[in-house]
There are 2 protein chains.
Amino acid sequence: MKYLKIPAATISRLSIYSRALEELAQGQETVVSSKRLAEICGVNPAQIRKDLAYFGQFGVRGVGYFVKELLFDIKKILGLNKQWKLAIVGCGNLGCAVVAHESFVQQGYNFVCAFDVDPMKVGLKLATGITIHHVDRLVDVCRLEGVEIGVICTPPNSAQEVADRFREVPVRGILNFAPVQLQVCDTCRVEHVDFTVKLDNLAYHLTAN
Amino acid sequence: MKYLKIPAATISRLSIYSRALEELAQGQETVVSSKRLAEICGVNPAQIRKDLAYFGQFGVRGVGYFVKELLFDIKKILGLNKQWKLAIVGCGNLGCAVVAHESFVQQGYNFVCAFDVDPMKVGLKLATGITIHHVDRLVDVCRLEGVEIGVICTPPNSAQEVADRFREVPVRGILNFAPVQLQVCDTCRVEHVDFTVKLDNLAYHLTAN
DNA sequence: GCCTGTGAAGACGTTCACAGCA
DNA sequence: TGCTGTGAACGTCTTCACAGGC
C-alpha cells in the first residue's frame with residue numbers, strides 16, 4: 001500500500017465513497033459499479049477506479065465492487081478500523097455540536113476529554129458524560145487519556161495558544177474550527193474547517209455574473 | 001473583471017488573504033509585500049501575485065500592496081461590499097454556533113430568519129433576536145425576508161428535503177453542514193462544510209506511515 | 001535594490017479510451 | 001457483453017524566472 005504519492009483529493013473522496021457505501025449497505029445492496037457509485041457521489045467513474053487503484057484491486061471485472069468488502073477496505077485505508085481518542089477545546093455551541101455529532105462516534109472517533117477557559121463551565125459534564133477541565137490542565141489530562149487528535153473550537157485569538165499546548169502533549173493531529181492559520185511543527189498535521197471561506201465562495205459566485 | 005476562468009482555489013485564497021489583511025490593517029500596517037502576506041497565509045508569493053492578477057493590478061512595483069486598498073478590493077471581488085441575507089435551518093447546537101459566529105456579522109452576513117421542525121423550539125428567539133419558525137413556513141418566510149443564501153444545519157436525513165424547499169423559494173446559494181451530497185438545480189450553488197471528511201483525512205495521515 | 005506582473009515551464013490531477021477478464 | 005484496471009492524453013493549477021517600473 002501507498003507506493004505512490006496519493007493526491008489529497010483522493011483521500012477526501014474515499015471518505016465520501018465510504019459514506020455512500022454505508023448507505024448502500026444499509027439498503028441491502030450487495031454489488032455496486034463504479035458508474036453507480038459515481039452518480040451517488042457526483043464524480044467521474046474513472047476517478048473512482050483510479051482512486052482505488054492507488055491502494056490495490058478491489059473490484060471484479062464485468063461485475064463491480066462488493067459493497068461490504070469495499071466499505072471495509074476503504075475504512076481500513078482511512079484508518080477507521082480503530083478507535084481514535086480526541087480532545088475538544090472550547091465547549092461553546094460549536095464544541096458541543098462537534099462532540100455530539102452522531103457520525104463521529106459511529107466512525108470510531110471518541111471524545112475522551114474536554115476543556116474550556118470559563119471557570120463557570122469547568123466541572124460541568126457534556127451530554128456524552130465527559131467532564132470539562134480547565135484548559136490549563138490540557139497537557140496533563142491529554143497525556144493521561146492518550147489523546148491522539150485535538151479539536152479546537154475556541155475563538156480565533158486563543159486558537160494558536162491551544163495549538164501550542166497540543167504540541168506539548170504531543171498530539172499528532174489537529175482539527176481546527178477557528179478562522180486562523182495555525183503554526184505547528186512538522187510532526188503535527190492540521191485540518192482546517194473554515195465556514196467563512198465557504199461562505200465567501202458562495203458570495204463570490206452569487207455576485208460574479 | 002473575470003475575463004478568464006478563475007480557479008476555485010484562487011477564490012478560497014482570496015478569502016484567506018482578506019482575513020490576513022484585516023489583521024494587518026488592525027495592526028496599523030499600511031503596506032505589505034506578497035512575500036510577507038505569503039508567509040502569513042502559508043502560500044507561495046507568486047501564487048498571491050497570480051491570484052490578484054486575474055482581477056487586475058493592485059500593487060506598486062518596488063513597494064508592495066497598500067493594506068487597506070487591497071483589503072477593499074478583495075472584498076469587492078468576493079462580493080463582500082454588500083449585506084447578504086441568510087436563513088438558517090436547524091437550531092441545534094451547530095445552528096446556534098453558526099448564527100452566533102462573530103466573523104459572519106462582521107463580514108456582512110446577516111441571518112434574517114431561522115427554522116426548526118421541533119414544535120418546542122418554534123416561537124423561541126435566538127441570541128441575535130430572530131424568531132424560530134416552523135420549517136413548513138420556510139418558503140413563505142424566506143420570500144418575505146428576501147433570503148439569498150440558505151444554511152442547512154439539520155441531521156443528514158432531512159437535509160435534502162430542506163434543500164428542495166430552498167429551491168422553491170428560490171435561493172441561489174446553500175451552505176450545507178449536513179454530511180450528505182445534496183441534489184440541486186443548476187441555478188443553485190452548494191458549498192459543503194464537511195467535518196467528517198476532514199477528520200478522516202487526519203485519521204488517514206496519522207495512520208499512513 | 002526591491003517588489004510587482006506575467007509568460008513559460010513544471011507539477012499535478014482528471015478524464016479518456018481501451019486492453020483484460022469474469 | 002459488462003465492468004474493472006490502467007497507460008496515455010488532456011486540462012488545470014502552481015511555481016519559476018525575469019522583464020518592467022518605482
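The analysis underlying the following values was restricted to heavy atoms, covering all of them including side chains, and did not include hydrogens, waters or symmetry mates. So you know, we letter chains A, B, ... as the sequences are listed, proteins then strands, and number each from 1.
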Atom-to-atom span, NZ of B:Lys5 to C1' of D:dC10 - whole angstrom: 13 Å
Spacing between B:Phe55 atom CZ and C:dT4 atom C1', to the nearest angstrom: 17 Å
Among C:dT14, C:dT6, C:dC16, the nucleotide that comes nearest once only the side chain of B:Gln57 is considered: C:dT6
Do the side chain of B:Lys50 and the base of C:dG7 come within less than 3.5 angstrom through a donor-acceptor pair of N or O atoms? yes
Per B:Arg49 side chain, nearest of listed nucleotides D:dT15, C:dG5, D:dC3: C:dG5
First locate atom CG of B:Asn44, then atom CG of B:Asp51, and finally report the distance between them rounded to the nearest 0.5 Å. 10.0 Å
OP1 or OP2 of C:dG5 under 4.0 Å from side-chain N/O of B:Tyr65: yes
Atom NZ of B:Lys35 and atom P of C:dC2 are separated, to the nearest Å, by 10 Å
When you get a sec, tell me which of C:dT6, D:dG5, C:dT4 is the closest nucleotide to the side chain of B:Ser33? C:dT4
Taking the six-membered ring for Trp, are B:Phe195 and B:Phe177 parallel (under 30°), tilted (30 to 60°) or perpendicular (over 60°)? perpendicular
Parallel, tilted or perpendicular: which describes the rings of A:Phe104 and A:Tyr109, with under 30° parallel and over 60° perpendicular? perpendicular
Would you classify B:Arg36 as touching base, sugar-phosphate or nothing, given that sugar-phosphate means primed atoms plus P, OP1 and OP2, and contacts are heavy atoms under 4.0 Å? nothing
Which part of the nucleic acid does B:Ala9 contact within heavy-atom distance under 4.0 Å: base, sugar-phosphate only, or nothing? sugar-phosphate
Map A:Gly62 and B:Gly56 onto DNA chain C by nearest heavy atom, then report which one ends up closer to the 5' terminus. B:Gly56
For B:Glu161, is there an ion pair with B:Arg165 - N to carboxylate O distance below 4.0 angstrom? yes
Can you measure B:Leu70 atom CG to C:dT4 atom P for me and round it to whole angstrom units? 10 Å
Given D:dT14, C:dC16, C:dT14, the nucleotide with the shortest approach to the side chain of B:Arg13: D:dT14
Which residue lies more 5' along DNA chain C, comparing A:Asn44 with A:Arg61 via nearest heavy atoms: A:Asn44
Just how far, in rounded Å, is C1' of C:dC3 from CZ of B:Phe66? 12 Å
From CG of A:Asp51 across to C1' of C:dT14 the rounded distance in Å is 10 Å
Report the distance from atom CG of B:Leu37 to atom P of C:dG5, rounded to the nearest whole Å. 13 Å
Short side-chain N/O contact from A:Ser34 to OP1 or OP2 of D:dC3, under 4.0 Å: no
Exceeds 12 heavy-atom contacts within 6.0 angstrom, atom NZ of A:Lys35: no
Rounded interatomic separation in angstrom, taking OH from A:Tyr54 and C1' from C:dG13: 7 Å
